[in-house]
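A quick write-up on the structure given underneath.
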Amino acid sequence: MTVQTATSPAPGRRSAQPEPPPGRGRLLRTGLRHVRSWPLPFTVAAAFLALTTVAALLAPLIAPQDPQAIDLNASSAPPDGVHLLGTDQSGRDLLSRVLFGARTSLVAPLALLLCAAVIGVALGTLAAWRGGWTDALVSRVTDVMFAFPGLLFVVLIIAVFGDGLTTAVVALALAYSPVIAKYTRSIALSERAKPYIDAYRVQGVSGFSICVRHLLPNLAAALLGYLVLMFGEVLMGMTTLSYLGFGAQPPSSEWGLMVKEGQAAIVQGALWPALVPGTAIALTVVAFNIVGVRVSDRLGARER
Amino acid sequence: MLHIENLTAELPSATTRRPVLRQVDLRVGTGEVVGLVGESGSGKSTTAKTILRMLPDGTRVRGAVRLEGQDILDMDGPRLRELRSRRVAMIHQDPRAALNPVRTIGDFLTERMVHTLGHSSRQAERQALALLTAVGITHPEQRLRQYPHELSGGMLQRVVIASALAAEPELLLADEATSALDVTTQAEILAILREHQRRRDLGLLFITHDLHLASAYCDRVYVMYAGQVVEQAPAHTLFSSPRHPYTAALLGCTPKLGDHTPVRPIPGRPPSLGDVFTGCPFAARCPAAEPACETWQPVHTRTAEGGSAACRLLERHPAESLPTTSPQEVHP
Amino acid sequence: MAVRALRTSLTLVLTLLAASLVIFGAIYAAPGDPAAFLVGGQEDATPEKLAAVRAAYHLNDPVWSQYGHWIGGAATGDFGRSLQYSDQVSHLIASRLPTTLFLVVYASVLFVVLGTALGALSAVRRGRLDSAIVAVTTLLSSIPKFVKALALVALFAVQLGWFPVSGAGEGFIGRLHHLTLPAFALAMAELAVVTRVTRQSMLDQYPLDHVTAARSAGLSEGKVVRRHVLRNALPPIVTMCGLLTAGLFAGTVVIETAFGISGMGSLLVGAINTHDFPVTQAVLLLMVLAYMLVTTAVDLVHPVLDPRVRLHRSPA
């Protein structure tokens, strides 16, 4: 007899092929289910994100100081009337740097997520539509990439091509695309089995045309919901790379890089240079996760 | 021995609009087999759960459930656990679901003996072997090491019965104990249950949706509808002369061997917990209903057969009517 | 069982070979001459140096043979020489591995013990405590590891002075003391996940009949929870703990950098910054190996916890 238990992690999963970063979407969702029924956090989070976006757009207008202006007399100063959030070791105004840094810190993850989505959705749809050896090939390739835990695949690419914001964005896009491909494949397979697809095939519509005109538009909402939920994680990945020195390079005020530069000041008792950008990262990710769960639920992203 | 009086229970759920049990009176004597019959949702399982105080949190219960004079509804934690472990044993509907799938049969049987009855594990294992043999299981030593999914449903139900007997309880509750089994296995399980009930002089509350089975198997039968007892009677009379229209309708909607009268399904649907009644709950589906039934509050009337039924039409014979709501017992 | 284990091991070996091929082949993905890349973009790369690298990597042989030399050496613990430290890569790794292992084990113990405890507490108590635990753990998993690391340093090392700011410490007690903050920073996101998995898995068990049956047999609530709810909730919890432990090796890259610990993770970061590719390759290969070994072990342990899978998976 075949008893498939409800508790076994993923039925039919090939052994020794680790899952992608273990089901974060679903876990996040069960975790935040409490919060969802409670409107206040959503409103606060959405307002925070709107504010951050506006601040990033208007940074040159609203930043009180030049983010690169060095003032060695005011090194690692705590907040005062001039520097509302204090200064870093070089005496640069932290508020201005965080505001300008929001541009890179938000645009880089967005860009890489879009790249990853284009690659992942294309591969996932192809694998689901063609099946057979195409599917097998895509699955094997993604399996090998999943053998690299965390950011190690990204680290390998950076080791080969050198560091820098562009390399980091491309590397992260490559690393996240198999995750998206896997999700796309699973929902595309179930969508493909629906009768309307067969109806188009019977009419002689080409596979490419069916995929682009009918299949993908029907998956769009679910995919968008999934991507929204990934944004927080991608932002964490991007800032982590910059923190390690592999992403944005000085004198950028990307948040992860700001934390890296501010770290040395902590030992001297000056917490602001590292904690201001660190808090900005934390708040943004938390806000994105809260908003993301709500949005992806509305869009009907299917659970993995 | 077991004496349920005027039991009313209300579930905390928002969708329920009436009590899940309403003024239920029920008795089970020592050595007596009592049937409790009704459609799903009639409250028969809830009655069994109340006897073990297994109702969901927030359920409001009024009335009394007495076992040898002690009210179960008033028991504190240790007394309640003693009741569950030593005095009342439950045989569940689906043995496959009732056994922990990741523990062996041996674990299941000895767990209760070791953890609630205080036996040593060796003693428990010996007793488990004896019990398995007693309920007709072959190769008991081997079975103890097997997992539930390796045994058939009939075999598992024997294991559940063995476990229920382990504590030597006074009262057995069998909640649809054979409904999930096929017919031949069902007969074997019923025979085993009856044999042990008789040998140990146990009270047995036999809950089923099958009125024919109940009237053949039990000494006395209670029929429930929408959380109320509508009729109770000695089993042999219920079959031949049902007094409540619902009982009659239940008998009418199952085909009988050698009887060529057409099967008459009961019109309408069984009431849900969202339905509220102003009078007799069965009035809407009753073939003999009169307008007055819609507002008549059910009270039990004693019948000539020694049972009682809650039907307004029986009240037309004043000689037999009783002012009490409590059904009268036949056996001591 | 045996067939299953064999198949699992075979998949493991194949995936490892594929991953190692990717790590090795990366040399050829780099623009320009592989030898120049391996020398690390040093402008003063003398022809002698380039020739030495060509010889060490057998770059004049066919590609397959080069890979064979490299993976054969790796299998015997020979990862070549570091270009930066002019030492055997294996020596560098041997001196750093104990610290990283200690950190990973410490963090695993933390998130397994605290995660299951909090998750179980959440599931048993429900209500407000449950909401609080879920909210806090969710919050913790939404903050990057390096931010948590620096926040911990700022509070417990600099402000309160309870723990050292950096370093790995000497002796067992010293290590424990030095690595407590790193282990917490490393384990917090995983702790959140384990808490949620434990909570959910236990909540899935509560309404099942066998739990009700155990309770109706008079077992005390504590025993019902331990022997039935928690026991049956274990398989997904153990699986998740295993996968997360496997992933911790990658997490050490960030944590060792943040805490200035000399381990495998900081070795990798240093190797990339100094273009020390033999070291990069070796550390990546070992981390992938550790990850795959642990995930495979988890896969093999699963049937032990759930006899139904044992039956299901054993080939007829």
Side-chain angles (χ1 to χ4, degrees), chain A residues 1-9 14-19 21-22 24 27-28 30-35 140 143-144 147-152 155-163 232 236 239-240 243-246 256 259-260 262-263 266-267 269 271 274-275 278-279 281-282 285-286 289, chain C residues 7-8 11-12 15 18-19 22-23 26 29-30 131 134-135 137-139 142-147 150-151 153-154 158 165 193 196-197 200-201 235-236 239-240 243-244 246-247 249-251 253-254 257-258 268-269 272-273 277 280 284 287-288 291-292 295-296 299 302 306 308-309 311-312:
Chain A
M1 62 179 286
T2 55
V3 181
Q4 185 60 58
T5 67
T7 50
S8 68
R14 283 174 315 283
S15 41
Q17 246 107 54
E19 296 279 289
R24 260 186 65 90
L27 287 164
L28 206 60
T30 52
L32 288 171
R33 191 143 281 158
H34 289 243
V35 186
R140 285 298 89 74
D143 280 344
V144 172
F148 290 82
L151 293 173
L152 290 191
V155 166
L156 177 66
I157 297 176
I158 287 170
V160 173
F161 292 98
D163 41 31
M236 285 207 275
T239 51
T240 301
Y243 170 76
L244 290 173
F246 300 153
V259 175
K260 175 187 165 70
Q263 186 175 353
I266 288 186
V267 192
L271 305 183
L275 291 195
T279 311
I281 296 170
V285 176
V286 170
N289 284 347
Chain C
R7 205 169 43 200
T8 309
T11 320
L12 167 75
T15 313
V22 170
I23 294 173
S131 305
V134 168
T137 52
T138 307
L139 193 74
S142 297
I143 302 175
K145 278 184 165 51
F146 66 95
V147 175
L150 294 187
V153 168
V158 177
V165 172
V193 176
R196 288 201 294 265
V197 170
Q200 194 54 49
S201 184
T239 304
M240 187 51 82
L243 291 176
L244 293 173
F249 286 100
V253 173
V254 172
T257 305
L268 178 61
V269 174
I272 292 171
N273 285 332
F277 205 68
T280 306
L284 280 178
M287 283 189 169
V288 170
Y291 180 68
M292 294 302 294
T295 48
T296 305
D299 212 60
H302 192 241
D306 194 336
R308 290 165 298 178
V309 183
L311 187 81
H312 172 58

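Not measured: the values here are computed from a predicted model. Values below: all heavy atoms of this structure, side chains included; hydrogens, waters and symmetry mates excluded. Letters go in sequence order (proteins before strands), and every chain restarts at 1.
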Between [atom1] of [X] and [atom2] of [Y], what distance do you get to the nearest 0.5 Å?
X: Lys145(C); Y: Tyr243(A); atom1: NZ; atom2: OH; result: 13.0 Å
X: Arg196(C); Y: Thr138(C); atom1: CZ; atom2: OG1; result: 4.5 Å
X: Leu244(A); Y: Leu151(A); atom1: CG; atom2: CG; result: 8.0 Å

Please state whether the side chain, the backbone, both or neither of [X] comes within less than 4.5 Å of a heavy atom of chain A.
X: Ile143(C); result: both
X: Thr257(C); result: both
X: Val288(C); result: both
X: Ile23(C); result: both
X: Val158(C); result: side chain

Heavy-atom pair of closest approach, residues [X] and [Y]:
X: Tyr291(C); Y: Pro149(A); answer: CD1-CB, 3.5 Å
X: Ala26(C); Y: Phe277(C); answer: CB-CZ, 4.0 Å
X: Thr295(C); Y: Ala246(C); answer: CG2-CB, 4.0 Å

Heavy-atom pairs under 4.5 Å with chain C: which of [options] has the most?
options: Ile158(A), Asp163(A), Leu275(A), Val155(A); answer: Val155(A)
options: Ile157(A), Val160(A), Leu156(A); answer: Val160(A)
options: Val259(A), Val144(A), Val267(A), Leu152(A); answer: Leu152(A)

Would you mind reporting whether Phe148(A) and Val22(C) have side-chain heavy atoms less than 4.5 Å apart?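 Val22(C) vs Phe148(A): side chains touch.
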Which atoms of Ala159(A) come close to chain C, meaning under 4.5 Å heavy atom to heavy atom: side chain ones, backbone ones, both, or neither?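 Answer is both: backbone and side chain atoms of Ala159(A) are under 4.5 Å from chain C.
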Between Leu271(A) and chain C, with a heavy-atom cut-off of 4.5 Å, which part of the residue counts as in contact: side chain, backbone, both or neither?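 Side chain only.
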Are the side chain of Gln263(A) and the backbone N or O of Ala274(A) linked by a donor-acceptor pair below 3.5 Å?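 It does not hold such a pair.
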Between Leu139(C), Val165(C), Thr280(C), Leu150(C), which shows the greatest number of heavy-atom pairs under 4.5 Å with chain A?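 Option with the greatest count: Leu150(C).
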